[in-house]
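Inspection log for the structure reproduced underneath, given as structure tokens.
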Amino acid sequence: MKKNTTPVLIAVLIVLQIISLVRIGNLQDDLRNTKNKLSDQLSHQSNQISNIYSNIDSMLDRQASIIDSYDYSFGTPDNDKLTVPVTFTITPKETKEDTAVTLFISGDSIAMEKKGTSFTGTLPAGIFDNLEAKVILADGGIQKTETLEVRGTLRDRVLPTIQVRFEGGSSDGYQKNQRKLSGIFHRTGNLSLDIKPAVNNNKIEGARLVVEVDGKIVSEKRVDQIGENWTEIDEETTLSAGQKYTMAVLATDSIGLVHKTIMDQWELDENAEPIHGDEWMWMDEVIITDKEGTVLYEPHYEEVN
């Protein structure tokens, strides 16, 4: 009799264990769901608190501000001086008959003209400068300063934007010459440009692919930048030990500025082996020069420790 009940007991224990495991699994799922809900609630509350503090800070800033409102607009760019006139119109919270307001933009200043309860002033700003504007209100011997924030950059308003699209070939690479301190770099593929004109209709008039060795152009080819048209690339460049290689696209806009996009850049060591430094940071970034090659703008990177 006992022998007959043993398998039954074992089967019951197995079923109970399975039920226990299922319940434990369900409890674990419930616990995870509870944790996720709690995390979502905490995140939501944190965002609400952050928004509350942000709104409080914004209200305090408005209360502390000496200006009720301000607006700005841009005039026609001066292509020779590479500047854009910027006009500010401000409305102070309080004014008197002798209230005087001075506008400062990038180091220059001008007395603003009073029009009703508002003041207006215009100053030129360099398209490559950080547009920093402020006003000083002078009233009864007391001067108060207010910073005027401007969204975006003048460079983006005046100059077209360029993005290089390149589909490299499988045979690309560097091959060192045997028993010589030199080698050949081979680059193949298809190249095109994605171009957006500036709001003032400044556009790209022409573009070319160049290969430079130690800063001197050794090869160049016209690039068709219209729509989906692609330019086929097949370039071989011989380099000696210590030389620096650069492949870039040079695009000239309507006002004569040259937009240089570096596609590849590296150099050979004393054994004619390729070495890569920080040049990778410049990939796909645009350097802008004048017709003579003087750099007017280049990206800056903070050193990462």
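Residue indices begin at 1 and follow the sequence shown.
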- Message: Do Thr120 and Leu103 make a side-chain contact, defined as non-hydrogen atoms from C-beta onward lying under 4.5 Å apart?
- Response: no

- Query: Any side-chain donor paired with an acceptor under 3.5 Å for Thr252 and Glu205?
  - Reply: no

- Hey, does the side chain of Asp253 reach the backbone of Gly256 with a donor-acceptor pair shorter than 3.5 angstrom? yes

- Item | Other residues, nucleotides, ligands: >12 heavy atoms within 6.0 Å of Asp98 CG | yes

- Task: Could you tell me which non-hydrogen atom of Ile127 sits nearest to which non-hydrogen atom of Val158, and how far apart they are?
- Result: CG2-CG2, 3.8 Å

- Run the side-chain contact (heavy atoms from CB on, under 4.5 Å) check on Asn190 and Thr231 step by step: do they pass? CA-CA 5 Å; Asn190 293 305; Thr231 300; over 6 Å; no

- Query: Any chance the side chains of Ser118 and Thr91 put a donor and an acceptor closer than 3.5 Å?
  - Reply: yes

- Below 4.0 angstrom, N of the basic side chain to O of the carboxylate: do Asp264 and Arg187 qualify? yes

- Message: As an exercise, state the distance from CG of Leu123 to OG of Ser109, rounded to the nearest 0.5 Å.
- Response: 7.0 Å

- Message: I want to check a possible cation-pi pair here: Arg155 against Phe128, using under 6.0 Å from ring centre and within 45° of the ring axis as the test.
- Response: no

- Verify the ring-centre separation between Phe185 and Tyr174: is it less than 6.0 angstrom? no

- Item | Expected output: side-chain Asp290 to main-chain Glu292 donor-acceptor under 3.5 Å | yes

- Item | Check: Asp78 side chain, Lys81 main-chain N or O, donor-acceptor pair, under 3.5 Å | yes

- Query: If you take all heavy atoms of Phe88 and Met112, which pair is closest and at what distance?
  - Reply: O-CE, 3.4 Å

- Task: Determine, step by step, whether Thr188 and Ile233 satisfy the side-chain contact (heavy atoms from CB on, under 4.5 Å) criterion, reporting the C-alpha distance in whole Å, the side-chain angles of both residues, the deciding distance to 0.1 Å, and the verdict.
- Result: CA-CA 5 Å; Thr188 62; Ile233 304 300; 5.9 Å; no

- Looking only at side chains, do Thr246 and Gln265 share a donor and an acceptor under 3.5 Å apart? yes

- Does the side-chain contact (heavy atoms from CB on, under 4.5 Å) test come out yes or no for Phe104 and Val135, once each step is laid out? CA-CA 6 Å; Phe104 292 82; Val135 291; over 6 Å; no

- Query: When you check the gap from the basic side-chain N to the acidic O, do Lys176 and Glu273 get nearer than 4.0 Å?
  - Reply: yes

- Closest heavy-atom pair and its distance - Asn202, Pro160: ND2-CD, 3.5 Å

- Greater than 12 external heavy atoms within 6.0 Å of Lys144's NZ: no

